[in-house]
Protein chains: 2
Amino acid sequence: MSIAAVERDCGLPKDTLRVWERRYGFPNPLRDRHDERLYPADQVATLRLLRRLVDAGHRPGKVVGRSDEELSGLLRRLDVSTPQAIGSEAQQVLTLLAAYDAVRLREVLNAIVLRAGLGAFAATIGPGLAGAVGAAWSRGELEIHQEHLFTEQFTSVLRSAINAAQGAGAPRGRPRVLFGTFPQEPHALGLLMAEAMFTLEGCIGISLGVQTPIPEIAAAARAHGADILALSFSSTFPAPQAMTGLAELRALAPETVEIWAGGACPGLRPKAGCLVFRELSAIAPAVGAWRARVAEPASEAHP
Amino acid sequence: MSIAAVERDCGLPKDTLRVWERRYGFPNPLRDRHDERLYPADQVATLRLLRRLVDAGHRPGKVVGRSDEELSGLLRRLDVSTPQAIGSEAQQVLTLLAAYDAVRLREVLNAIVLRAGLGAFAATIGPGLAGAVGAAWSRGELEIHQEHLFTEQFTSVLRSAINAAQGAGAPRGRPRVLFGTFPQEPHALGLLMAEAMFTLEGCIGISLGVQTPIPEIAAAARAHGADILALSFSSTFPAPQAMTGLAELRALAPETVEIWAGGACPGLRPKAGCLVFRELSAIAPAVGAWRARVAEPASEAHP
DNA sequence: AAGCGTATTTGTCCAGGACAAATAGACGAA
DNA sequence: TTCGTCTATTTGTCCTGGACAAATACGCTT
């Protein structure tokens with residue numbers, strides 16, 4: 001496996017792979033006849049473990065070079081310290097994934113939405129399911145393609161529900177909400193769940209999709225006459241970059257636009273002109289508060 | 001703008017940016033106090049033009065270093081040589097994008113699906129619209145976020161329609177089709193349109209999502225008991241890699257599984273054990289032929 | 001005109017050095 | 001104790017310039 005392939009597969013940049021090798025003696029790839037690195041499959045697997053640990057906050061110097069057993073031990077400890085009681089729904093989902101039963105998986109997800117409602121699904125159950133699947137993957141109980149499969153079905157079900165919710169009921173219009181992620185953030189699931197929450201509150205929601213450059217987000221906010229910019233940050237997003245990006249966005253976007261950030265990114269903190277949401281369930285009351293806030297000054301007209 | 005930002009924004013790897021600078025004298029970035037490259041916005045814009053031209057088949061040595069006017073001229077020539085008569089629907093879509101009217105855009109797309117049917121939408125109209133939007137972007141008439149916006153709404157509408165089609169009518173079951181793209185291919189639109197075509201034929205379709213490693217695709221095919229692997233390649237996918245990847249997949253996947261490849265990738269050619277589809281409309285008859293083929297030998301049981 | 005071998009172009013990789021950004025640890029003040 | 005500030009260490013990213021393989025164009029032959 002070439003260094004470029006490992007970069008794609010493990011998400012570790014080439015420069016990092018080379019500098020780890022120089023500093024810690026691992027990875028220790030073979031060389032082909034032209035002195036290019038060839039990574040054996042087992043080292044790639046170890047690198048994947050390392051990636052998880054580093055994302056979780058371990059320092060490379062402390063973990064790179066240790067044996068697979070030790071690393072797995074550390075990962076297990078992380079998993080149990082994340083006290084994620086696996087509900088019966090999650091258990092069912094994992095079973096279906098293990099059996100590769102995509103059709104039934106979608107039926108089950110649709111059934112959960114119908115029974116619990118879109119709000120509870122997006123705010124509580126969905127994140128729980130996604131967390132359980134991610135944890136199972138990190139324990140090696142699922143293959144990547146099974147995680148892909150879950151993401152696909154989940155996205156599909158959620159999108160349909162949002163579409164339906166948008167048609168039903170009289171939308172109240174304001175606030176107009178724009179959804180997006182920063183360029184380093186390719187995960188769409190969190191964004192989609194937030195979109196569901198806003199849609200349920202009768203907001204007009206417009207998604208820019210993932211990985212939109214910050215100046216573009218600001219330009220879009222201006223062009224759409226948006227009231228709120230909703231940004232999503234997954235747990236692997238580098239916190240300092242999130243804060244820098246938010247400051248940049250705050251400077252570029254119109255002053256009247258509010259910036260609401262959310263997601264599992266650990267270092268995400270409120271900042272001047274930016275609200276931070278730890279829970280998706282906090283969106284509904286916040287929208288209510290926004291409406292009360294802009295209605296009161298009576299200075300804003302409906303364009 | 002740092003070299004990493006340009007890499008993200010233009011899709012040109014850092015190594016390539018540096019080597020172009022060394023060989024052709026362009027780009028010619030400023031340096032910050034620590035000698036790191038700082039790309040001015042206008043050079044980044046030129047790099048985006050260059051990227052389009054190189055993707056379209058121009059050789060870097062012939063175009064890097066030329067003036068913006070010359071480059072725009074070459075791009076225009078490309079656009080007219082792509083004889084894409086813009087239909088009234090595409091015109092309407094571009095107008096709505098220019099006005100940032102996401103809500104009406106979705107309504108219009110939904111209306112087209114209802115009027116023309118999902119089949120015509122996925123096979124003909126959809127690719128036409130996507131092509132028109134891409135061309136408008138390359139002419140500088142649209143911003144990136146407007147292209148994102150289109151992709152989002154298009155995806156949403158198409159997914160809903162697929163979901164509806166899946167529920168309606170008695171699915172005939174076989175063939176079981178698995179959808180996916182190779183790791184270097186992040187575009188989901190082509191895959192989604194193919195999924196629509198197969199779903200209309202009553203196939204059981206399962207999507208692995210984009211960027212699945214080749215061994216994972218093969219493993220999934222085995223696990224799902226798939227009959228057909230459907231791969232999508234966009235116009236920017238490097239053709240040699242597509243052919244190498246298909247050969248690798250052919251070697252890893254079960255012999256009984258057929259591999260069907262499609263998309264706008266120019267160098268995509270049929271190969272032993274792999275079919276290539278130039279048009280999405282060719283899928284429907286091909287599924288019919290598949291059914292006739294496997295029904296005849298009568299050696300396969302329904303598991 | 002189509003197939004094949006050679007020349008040129010072009011992207012990716014390498015080494016090893018450098019330093020800024022991020023983090024941990026020590027220290028002092030409320 | 002708990003919080004903020006300052007310093008030391010760690011860590012990722014960028015640098016240069018050289019090398020070569022893979023991809024492409026070109027010229028030759030059939």
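It should be emphasised that the depicted structure is a prediction, and the values quoted were computed from it without experimental measurement.
In this view, Y39(A) satisfies the ring pair (Phe, Tyr, Trp, His ring centres under 6.0 Å) rule with no residue, not counting sequence neighbours. A search for ring pair (Phe, Tyr, Trp, His ring centres under 6.0 Å) contacts involving F182(B) returns F233(B), not counting sequence neighbours. Considering only residues two or more places apart in sequence or on other chains, E70(B) meets the salt bridge (charged side-chain N to carboxylate O under 4.0 Å, His left out) condition with R66(B). Remark: F150(A) engages F154(A) in a ring pair (Phe, Tyr, Trp, His ring centres under 6.0 Å) (not counting sequence neighbours).
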Close N or O pairs between protein and nucleotides 4-7 of chain C (under 3.5 Å):
none

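Under 4.0 angstrom from either OP1 or OP2 of dT11(D) there lies no side-chain N or O belonging to T16(A). Note on R18(B): every side-chain N or O is 4.0 Å or more away from OP1 and OP2 of dT16(D). An OP1 or OP2 oxygen of dT13(D) is reached within less than 4.0 angstrom by no side-chain nitrogen or oxygen of K14(B).
A donor atom on one side chain and an acceptor atom on the other are not found under 3.5 Å apart for T212(B) and H145(A). With hydrogens and angles left out, the side-chain atoms of E36(A) and S2(A) include no donor and acceptor closer than 3.5 Å. T181(B) and Q211(B) form no side-chain donor-acceptor contact under 3.5 Å, judged by distance and modelled atom types alone. Under 3.5 Å, the side chains of E185(B) and H187(B) contain a donor-acceptor pair of N or O atoms.
Rounded to an integer number of Å, the gap from M1(B) CE to dC14(D) C1' is 17 Å. Nucleotide dG17(D) holds its P atom 21 Å from the CH2 atom of W20(B), rounded to whole Å. When rounded to the nearest whole Å, the span between CD of E21(B) and P of dT16(D) equals 7 Å. Atom pair L12(B):CG and dT12(C):C1' shows a separation of 14 Å (rounding to whole Å applied). dT12(C) atom C1' lies 14 Å from atom CZ of R31(A), rounded to whole Å. A straight line from CZ of R51(A) to P of dG12(D) spans 11 Å, rounded to a whole angstrom. Rounded to whole Å, atom C1' of dC15(D) lies 12 Å from atom OH of Y39(B).
Each of E7(B) and D15(B) was matched to the nucleotide of DNA chain D holding its nearest heavy atom; the match closer to the 5' end belongs to E7(B).
Judged by distance alone, with hydrogens and angles left aside, R22(A) brings a side-chain donor or acceptor within reach of the base of dG17(C), the pair sitting under 3.5 Å.
Two residues are said to be in side-chain contact when any heavy atoms from C-beta on lie closer than 4.5 Å; R37(A) and R18(A) meet this criterion.
Distance from the side chain of R37(A) is smallest to dC14(C) among dC15(D), dC14(C), dT11(D). Among the nucleotides dG17(C), dT16(D), dG12(D), the one closest to the side chain of P60(A) is dG12(D).
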- Message: Base contacts versus sugar-phosphate-only contacts with protein, heavy atoms under 4.0 Å: please encode nucleotides 20-26 of chain D as B, S and - from 5' to 3'.
- Response: SS-SSS-

